[in-house]
Amino acid sequence: RPHSSSATGRRALATPAVRKLARDLGVDIQGIRGSGPNGRVMAEDVRQAATARTPAAPPAA
Amino acid sequence: MVVGEFTESADVLIIGGGPGGYVAAIRAAELGQSVVLVERDAIGGVCLNVGCIPSKALISVADQAHQAHLWAERGVMYQGLSLDVDRIQAFRQQTVDRLTQGVRTLLEGHQVRVIEGEARFLGPHLVRVVSTYESQKIQFEKAIIATGSRPRALAGLPFDGVRVVSSTEALAFSEVPEHLVVVGGGYIGLELGTAWRKLGSQVTILEATPHLLPGFDRELVRPIERRLAQLGVRVMTNARVETARSTDDNVVLTVTRNDGSEVLEADRVLVTVGRVPNTDGLGLSEAGITLDGGGFIPVNERMATKVPHLYAIGDVTPGPMLAHKASHQGLVAAEAIAGLASAFDVTAIPSVIFTDPEIASVGLTADEAKSQGYDPVVGRFPLAANGRALTLQETDGQAVVIADRETGLLLGFHWVGSQASSVIAEGTLALEMGATLEDLALTVHAHPTLSEAWMEAAMVALDRPVHVLRRPRS
Amino acid sequence: MVVGEFTESADVLIIGGGPGGYVAAIRAAELGQSVVLVERDAIGGVCLNVGCIPSKALISVADQAHQAHLWAERGVMYQGLSLDVDRIQAFRQQTVDRLTQGVRTLLEGHQVRVIEGEARFLGPHLVRVVSTYESQKIQFEKAIIATGSRPRALAGLPFDGVRVVSSTEALAFSEVPEHLVVVGGGYIGLELGTAWRKLGSQVTILEATPHLLPGFDRELVRPIERRLAQLGVRVMTNARVETARSTDDNVVLTVTRNDGSEVLEADRVLVTVGRVPNTDGLGLSEAGITLDGGGFIPVNERMATKVPHLYAIGDVTPGPMLAHKASHQGLVAAEAIAGLASAFDVTAIPSVIFTDPEIASVGLTADEAKSQGYDPVVGRFPLAANGRALTLQETDGQAVVIADRETGLLLGFHWVGSQASSVIAEGTLALEMGATLEDLALTVHAHPTLSEAWMEAAMVALDRPVHVLRRPRS
Ligand SMILES: Cc1cc2nc3c(=O)[nH]c(=O)nc-3n(C[C@H](O)[C@H](O)[C@H](O)COP(=O)(O)OP(=O)(O)OC[C@H]3O[C@@H](n4cnc5c(N)ncnc54)[C@H](O)[C@@H]3O)c2cc1C
Ligand SMILES: Cc1cc2nc3c(=O)[nH]c(=O)nc-3n(C[C@H](O)[C@H](O)[C@H](O)COP(=O)(O)OP(=O)(O)OC[C@H]3O[C@@H](n4cnc5c(N)ncnc54)[C@H](O)[C@@H]3O)c2cc1C
């Protein structure tokens with residue numbers, strides 16, 4: 001996609017709340033491939049990226 | 001040398017009580033920090049005392065005075081209209097007082113210690129605060145520099161506070177000037193020049209570049225140029241003040257333009273040629289901070305300077321000098337200091353100009369979109385075709401939306417016309433939410449309202465206009 | 001019996017040229033259909049001719065006349081004010097003419113054939129159109145019924161067109177009434193009652209239920225009740241007209257309330273107790289359509305009736321009687337007919353009331369949210385703490401946001417105060433985009449603007465208020 005954020009270095013397309021979530025979870029949103037329309041990064045994408053990045057964390061329960 | 005100085009300490013020291021500093025103070029206190037706020041002049045800073053608020057109060061009164069003339073032909077006729085400048089100025093001051101008193105109450109309610117005086121860094125964790133009567137030191141863990149900006153002076157036309165003045169004095173004139181010359185056709189000059197014209201002054205605006213409001217889309221500025229002409233404001237572009245001489249009651253200016261020079265006599269000259277950051281005289285080098293070429297303090301997205309425990313916000317940082325930028329940065333800095341993951345990470349900062357008509361803009365223009373590699377599609381909708389604008393008799397203006405042709409992603413919103421200040425918020429939210437032309441077009445907009453024009457502009461961009469005829473695509 | 005009738009044919013027949021019908025006509029033509037639009041009265045329907053537009057024009061003039069009083073203490077003074085009702089009415093009519101002329105031009109530009117006359121179904125694919133001079137039949141593939149609504153009459157107080165009138169005549173009074181009694185405290189009664197009060201009439205509003213604007217949040221209505229009291233409008237709730245008797249210059253009403261009865265004398269009585277859909281006299285049964293209990297035409301989300309090739313939009317369909325609902329449905333019906341996948345599928349329809357101050361509302365109230373199973377959090381922000389409201393001297397009012405406590409999903413926006421009509425659009429877009437409290441709070445809102453109050457209300461709901469003190473959570 002010529003206009004995806006990674007191709008042109010543009011900002012990731014995500015709402016303020018999702019960008020905040022990424023910051024809160026310590027994930028770099030620019031590196032996430034969004035699953036929403038126009039490649040939009042959704043809250044779920046951020047949560048997945050956060051889990052994927054911390055495999056060392058002990059599984060809950 | 002000061003004897004017997006007292007030293008206070010605080011988690012967070014904030015220097016400057018403008019919309020950057022006081023908002024940071026409230027938020028830092030909310031987050032449990034002990035906060036000291038130092039202000040050398042008036043709580044509320046430029047914005048509340050001599051900027052945003054008093055200018056808009058003056059503009060409201062001036063609009064009202066002007067409206068009185070317009071409505072006669074619609075059947076509301078005034079006899080013997082007169083202006084009482086004392087009352088106008090009292091209203092301006094009351095508005096300021098009410099808001100600054102509100103801010104003081106909020107600071108108290110959050111247990112922010114407010115210290116009057118001028119702060120200067122003695123070292124990275126220490127400032128001295130000097131006021132008329134006393135001096136003290138304040139030791140701090142972290143500090144936020146929010147010292148704002150001041151009017152830039154013109155070399156050949158120095159401020160004298162009476163005849164040659166900055167916006168501060170021009171807001172507070174105790175009489176309507178006979179002839180006000182405004183040097184500088186930026187937003188502050190236009191806002192104040194228009195207001196005083198509506199209150200009865202003869203007004204001439206001098207702009208050194210070929211256009212008023214340099215940097216703004218020409219098509220957005222046109223309705224303002226038209227209105228200025230209707231109001232009888234003389235606009236001289238490509239004009240430079242060559243010499244200036246003050247007499248007892250006047251300033252005599254020689255103005256050169258492309259084609260020659262002209263002599264203007266004015267009883268008041270308002271110089272508004274930009275603002276400079278208050279980053280001198282602060283002892284920043286003692287604190288380890290170095291400035292950029294423009295005198296601004298470089299910061300990262302958490303508002304931290306190169307010295308990690310020192311933060312800077314508002315007009316002292318690079319970027320637009322706007323109150324809402326300062327306040328948003330204030331929230332970010334306070335939260336960053338308290339350990340939250342906040343960052344100044346916004347898609348767009350709106351800007352509003354309270355001219356007649358108002359202009360508001362957020363995001364990219366078509367040209368900017370092009371230069372960022374988009375193929376922009378532009379949708380325009382004239383307010384002359386908007387029912388609400390007609391009922392308000394405010395039909396001059398248009399709504400412009402810019403979007404990416406391929407994806408429909410909205411990139412910019414621009415409005416010249418009535419209530420631009422109120423309708424622009426929808427545009428900012430649309431950009432932050434990543435909305436598309438379809439999202440905007442399919443959102444039901446109440447009838448009859450001005451904001452319908454955004455929806456109609458989106459439908460124009462989508463090539464399915466309703467209230468204008470379709471034009472052959474370019 | 002009509003002789004020598006001519007029969008036309010069209011892909012799409014639209015009955016009624018209001019904001020539903022004319023928008024559908026434009027869109028259908030844009031999509032390549034041959035369109036006939038039948039209108040028995042005036043293109044533009046109720047909304048443009050005797051509804052939204054003329055009422056807002058009258059309100060603008062009345063506001064201007066009233067503002068004159070308010071601004072004297074701020075220094076804009078006049079010795080006398082006089083009203084010229086002829087000019088006021090000419091302005092109202094000009095505004096209407098400009099818009100309806102615009103619509104006629106758009107219809108022409110789209111090659112929509114406009115036929116004057118009253119349509120009545122003769123069968124599922126045939127109508128007869130009767131005008132003063134002629135009659136014809138029109139055969140069609142598909143039809144859209146957009147015949148709108150008319151004022152409901154009160155049994156004991158029938159319209160006589162002079163003393164006992166509907167909104168249509170009340171918009172066009174050629175003199176300011178001495179005493180106008182408004183029967184019905186809904187939005188139309190309040191809008192017109194307030195306007196005529198500001199133009200000098202004595203005004204009494206009678207409402208049968210315990211509250212003005214039944215159905216609206218009480219807290220939103222309070223500023224309007226206060227303003228009505230300041231204006232000297234007498235409001236009688238729980239009030240019913242028992243008997244009415246017209247004399248030569250007056251109507252004498254006996255009004256009963258809980259506590260007894262009272263006699264009112266009025267030179268004009270405006271009855272606004274709701275509107276009924278124009279679904280009688282249309283021959284709908286010949287077309288195979290049956291009405292619901294309220295006389296409305298049931299439709300699916302593509303605006304199709306039970307008879308698949310017949311569509312209905314606007315005030316004849318169930319739901320709020322609002323122009324923007326009619327227009328949006330018009331787009332959907334036209335697109336559905338042209339084979340597009342369109343549907344009336346909106347999250348929320350905003351509603352605006354042009355009282356003083358204005359009220360606008362979109363989405364759920366806290367109570368509605370609760371009854372839909374949400375745990376709502378409410379954020380309120382008073383306009384008295386908003387800088388722009390202060391500079392406009394319009395501090396009465398508040399912004400209210402409703403969100404789901406768990407997810408922050410925004411559910412409703414409510415505003416009473418200045419420019420409600422302009423600021424509500426941001427709320428509608430937020431709901432359509434599925435925005436959350438964080439999204440709204442982190443969107444930079446320009447300063448000083450009214451819409452900042454939405455952002456501040458979101459910050460209140462998130463328990464991190466800036467310009468009001470935090471309250472103990474409930
Ligand atoms: C006429 C005019 C109209 C304007 N209109 C608008 C508008 O409509 N919208 C908008 O967004 N912006 C507007 N602005 C710009 C706006 O006022 C500024 O962007 C805003 O005030 C910046 O906020 P700040 O907190 O960075 O600094 P400031 O508001 O400048 O506050 C800085 C404070 O720091 C204090 N200070 C400085 N040095 C020291 C020191 N050493 N020790 C102690 N205290 C110190 C100063 O006294 C001042 O109170 C306008 C400006 C002007 C002049
Ligand atoms: C005083 C007043 C103020 C209002 N203010 C607002 C407002 O601010 N905002 C808002 O959203 N709404 C407002 N409304 C409501 C708004 O006017 C209606 O919701 C809107 O007009 C409905 O549009 P429509 O197309 O369904 O019908 P209408 O506008 O009622 O148009 C229907 C048309 O069909 C024609 N017609 C009917 N039967 C036939 C027939 N058999 N043959 C041919 N033609 C026929 C009628 O002559 C009419 O022109 C207001 C209404 C009133 C009375």
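Each chain gets a letter, A, B and so on, in the order the sequences are listed, and its residues count up from 1. What you see is a predicted model; the values in this text were computed from it and never measured. Values below: every heavy atom of this structure, side chains too, minus hydrogens, waters and symmetry copies.
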List the atom of [X], the atom of [Y], and the distance in Å for their closest heavy-atom pair.
X: G387(C); Y: I53(B); value: CA-CD1, 3.9 Å
X: V466(B); Y: I26(C); value: O-CD1, 3.7 Å
X: V352(C); Y: A446(B); value: CG2-CB, 3.6 Å
X: S60(B); Y: R388(C); value: OG-NH1, 4.1 Å
X: S451(B); Y: S421(C); value: OG-O, 4.0 Å

For chain B, find which of [options] contributes the most heavy-atom pairs closer than 4.5 angstrom.
options: K56(C), Q94(C), E432(C); answer: K56(C)
options: L99(C), D63(C), L48(C); answer: L99(C)
options: L431(C), V468(C), D84(C); answer: D84(C)
options: T449(C), L106(C), L199(C); answer: L106(C)
options: A323(C), C47(C), C52(C); answer: C52(C)
options: H467(C), H447(C), E73(C), Q64(C); answer: Q64(C)

Structural part of [X] lying under 4.5 Å from a heavy atom of chain B:
X: P465(C); value: both
X: E358(C); value: side chain
X: L58(C); value: neither
X: T395(C); value: side chain
X: R464(C); value: both

Judged by atom type as modelled, is there a donor-acceptor pair below 3.5 Å linking the side chain of T443(C) to the main-chain atoms of L429(B)? no

Would the number of heavy atoms belonging to other residues, nucleotides or ligands and lying under 6.0 Å from CD of E175(C) be above 12? no

Can you tell which part of [X] gets under 4.5 Å to a heavy atom of chain C, answering side chain, backbone, both or neither?
X: L70(B); result: neither
X: V346(B); result: side chain
X: A384(B); result: both

T428(B) side, atom OG1; L440(C) side, atom CG - distance, nearest 0.5 Å: 11.0 Å

Distance in Å, M459(B) CE paired with L331(C) CG, rounded so as to fall on 0.5 Å steps: 6.0 Å

If you count heavy-atom pairs under 4.5 Å between each of [options] and chain C, which one has the most?
options: I349(B), L442(B), I424(B); answer: L442(B)
options: L450(B), L322(B), V61(B), I59(B); answer: V61(B)
options: M433(B), Q79(B), Q393(B); answer: Q79(B)
options: W71(B), Y22(B), F354(B), W454(B); answer: W71(B)
options: S351(B), A62(B), A425(B); answer: A425(B)
options: H328(B), R27(B), E30(B); answer: E30(B)

Tell me the residues of residues 85-93 of chain C whose non-hydrogen atoms fall below 4.5 Å from those of chain B, in number order. R87(C), I88(C), F91(C)

Any donor-acceptor pair under 3.5 Å linking the side-chain atoms of S422(C) with those of Q419(B)? yes

